[in-house]
Asks: 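Have a look at this one before I ask anything.
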Amino acid sequence: MKHNAWATTALAVSATLLIAACGSSHSSASSSGASSSASSTTSASTTGKFLGCMVTDTGGIDDRSFNASSWQGMQQAAAADSNIKVTYLQSTSQSDYIPNINTFLSQKCGIIVTVGFLMGSATETAAKAHPNQDFAIVDCSYASECLTGTKESNIDQLVFNTVQDGFLGGYLAAGMTKTGKVATFGGEDFGTVTIYMDGFWDGVQYYNSKHGTHVQVLGWNEQTQKGSFTGDFTNQTKGQTLTQTFISEGADIIFPVAGNVGLGAAKAVQDADNAAGSQKVNMFWVDTDGCISAQQYCKYFITSVTKGIQSAVKTAVLSAANSTFKGGTYVGTLANGGAVLSPFHDFASEVPASLQAELVQIGKGIADGTIATPTKSPV
């Protein structure tokens, strides 16, 4: 596993449980050293700078999730090294992936960062055709079968073992529910989505085994790999409708793994609480700290189940700029700070101290391998 130095910087598990995801998803592409113009003809040869280029998935640059986090990482790299200039192209449909990558190939980008499981094929094809071009891809790897051909040494795979913090999230949800029912759903049936849901489901079961409870999980079953998906990461109406269904079935904690679709879930939670006249339904956010990326709904977020995309992307860009780039796999974990729960924010005084202590101990067990976190969606 590459980026070995990162593991040495991991905090004690009692601290990593509450590390915040960095920055706001409302990143402006106009920050120093950055450009966002899809029609830009800027190239490394004309600027004299190292050009870091990013292609978004269809969720867009401000998806409050993995696209936004990846762009933050690009910007952080530019802030760390004044010789780096970063830019992005936005994909409005899957047909944009190849043209966007080709545009960046023509601009002589020092590294091309692609974002998301769906971009695996386009990235792999380009990497094979251009073996001297550095690529990094977020949430995609050979191990997850997102990349399927012969391993290309010029692809840096940035993946996150979010079954671990998903497990902690499930345990927390089981400890916080008042109705005995919690729910999760995905945007699309991808391994990078279901790995969260596997962890969440298993965390609930672990809580039940320790406390003799019978908390139910709606929307996913880790054993059968069957559950609920909206079919994309953009349609907030679908997220709102599905969440309303879960609430009507008795769920009082909702965990959407669906990017911008999760904003629809948050609206459904808000509407349900307004109708009840009290805050009876709450939720978790995913990928980033929701109290930063979706501040308007912070009061409903018990926590966020995050991944350290910003740091991983920043490191990949800096390594390419410093000529130390090596293709391979970075895996973010609970132990190295790449897959952790965010702070509890408004719920800091609502989560019982005893439950917080249990989470710390379980986190230690996950990190040292004494507590298993199985998933059928390997990273």
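For reference, positions follow the sequence shown, starting with 1.
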Asks: Check the surroundings of atom CD in Glu145: do more than 12 heavy atoms from other residues, nucleotides or ligands lie under 6.0 Å from it?
Replies: no

Asks: Taking C-beta and beyond as the side chain, do Thr56 and Trp71 meet within less than 4.5 Å on heavy atoms?
Replies: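 Answer no - side chains too far apart.
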
Asks: Can you check whether Tyr142 reaches Glu152 side chain to side chain, under 4.5 Å on heavy atoms?
Replies: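 Contact flag for Tyr142/Glu152 side chains = yes.
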
Asks: Which of parallel (below 30°), tilted (30 to 60°) and perpendicular (above 60°) describes Tyr171 and Tyr206?
Replies: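 Tilted, since the angle between the ring planes falls between 30° and 60°.
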
Asks: According to salt bridge (charged side-chain N to carboxylate O under 4.0 Å, His left out), who are the partners of Asp271, at least two apart in sequence or on a separate chain?
Replies: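 Lys267.
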
Asks: Between Val55 and Ser91, is there a side-chain heavy-atom distance shorter than 4.5 Å?
Replies: yes

Asks: Decide if the gap between the ring center of Phe200 and the ring center of Trp220 is smaller than 6.0 angstrom.
Replies: no

Asks: Mind jotting down which residue pairs meet the ring pair (Phe, Tyr, Trp, His ring centres under 6.0 Å) criterion with at least one end in residues 95-129? Sequence neighbours excluded, please.
Replies: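 For residues 95-129, and leaving out neighbouring residues, the ring pair (Phe, Tyr, Trp, His ring centres under 6.0 Å) pairs sorted by first residue read Phe117-Phe190.
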
Asks: Taking all atoms of both residues into account, what is the closest heavy-atom pair of Asp63 and Ala68, and its distance?
Replies: OD1-N, 2.9 Å

Asks: Any chance you could pull the hydrophobic cluster mates of Tyr297, using side-chain heavy atoms under 4.5 angstrom and chaining through other members?
Replies: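 When side chains under 4.5 Å apart are linked, the cluster holding Tyr297 also contains Phe185, Leu218, Leu242, Phe246, Ile247, Ile254, Val261, Leu263, Val269, Val281, Met283, Trp285, Tyr300, Phe301.
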
Asks: The test is side-chain hydrogen bond (donor to acceptor under 3.5 Å, both in side chains); show your working for Ser93 and Ser95 and say whether it passes.
Replies: CA-CA 5 Å; Ser93 71; Ser95 63; 2.7 Å; yes

Asks: If we check side chain to side chain contact (heavy atoms under 4.5 Å, CB included) with Phe325, which of these qualifies: Val317, Leu318, Asp134?
Replies: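 By the side chain to side chain contact (heavy atoms under 4.5 Å, CB included) criterion, Phe325 pairs with just one of Val317, Leu318, Asp134: Asp134.
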
Asks: For the atom pair CZ (Arg64) and CG (Asn260), what is the distance rounded to the nearest 0.5 Å?
Replies: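 Atom-to-atom, Arg64:CZ and Asn260:CG are 5.5 Å apart.
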
Asks: Is the shortest heavy-atom distance from the side chain of Thr333 to the side chain of Ile366 under 4.5 Å?
Replies: no

Asks: Going by heavy atoms in the side chains, are Thr306 and Thr288 under 4.5 Å from each other?
Replies: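 Side-chain contact under 4.5 Å: no.
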
Asks: Say you draw a straight line from OG1 of Thr179 to CD of Gln216; how long is it, rounded to the nearest 0.5 Å?
Replies: 9.0 Å

Asks: Applying the side chain to side chain donor-acceptor pair (under 3.5 Å) test to Lys307, which of Asp165, Asp139, Thr162 qualifies?
Replies: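 Per the side chain to side chain donor-acceptor pair (under 3.5 Å) rule, the option paired with Lys307 is Asp139, out of Asp165, Asp139, Thr162.
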
Asks: Between Asp81 and Phe50, is the side-chain contact (heavy atoms from CB on, under 4.5 Å) condition met? List the steps.
Replies: CA-CA 10 Å; Asp81 185 339; Phe50 177 90; over 6 Å; no

Asks: Scan Leu118, Thr194, Val257, Thr230 and name whichever one has a side chain to side chain contact (heavy atoms under 4.5 Å, CB included) with Glu188.
Replies: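 For Glu188, the side chain to side chain contact (heavy atoms under 4.5 Å, CB included) check succeeds only for Leu118.
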
Asks: Is there a side-chain hydrogen bond (donor to acceptor under 3.5 Å, both in side chains) between Ser141 and Thr329 once you walk through the steps?
Replies: CA-CA 7 Å; Ser141 68; Thr329 308; over 6 Å; no

Asks: Do you know which two heavy atoms are closest between Glu124 and Gly149, and how far apart they sit?
Replies: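 Shortest heavy-atom contact: OE2-N, 2.7 Å.
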
Asks: So do the side chains of Tyr196 and Asp287 get within less than 4.5 Å of each other, counting heavy atoms only?
Replies: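 Yes, at least one pair of side-chain atoms sits under 4.5 Å.
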
Asks: Any side-chain heavy atom of Val305 within less than 4.5 Å of one from Leu341?
Replies: yes

Asks: Identify the two heavy atoms, one from Leu147 and one from Gln157, that lie closest to each other, and give their separation to 0.1 Å.
Replies: CD1-CG, 4.0 Å

Asks: Count the heavy atoms of every other residue, nucleotide or ligand shown that sit under 6.0 Å from NZ of Lys376, and state whether that count exceeds 12.
Replies: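 More than 12 within 6.0 Å, yes.
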
Asks: If we only count heavy atoms from C-beta on, is the Ser144 to Val379 side-chain gap below 4.5 Å?
Replies: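 Result no, sub-4.5 Å side-chain heavy-atom pair not found.
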
Asks: Counting only heavy atoms not in Ile371, do more than 12 sit closer than 6.0 Å to its CD1 atom?
Replies: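 Atom CD1 in Ile371 is packed in, count exceeds 12.
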
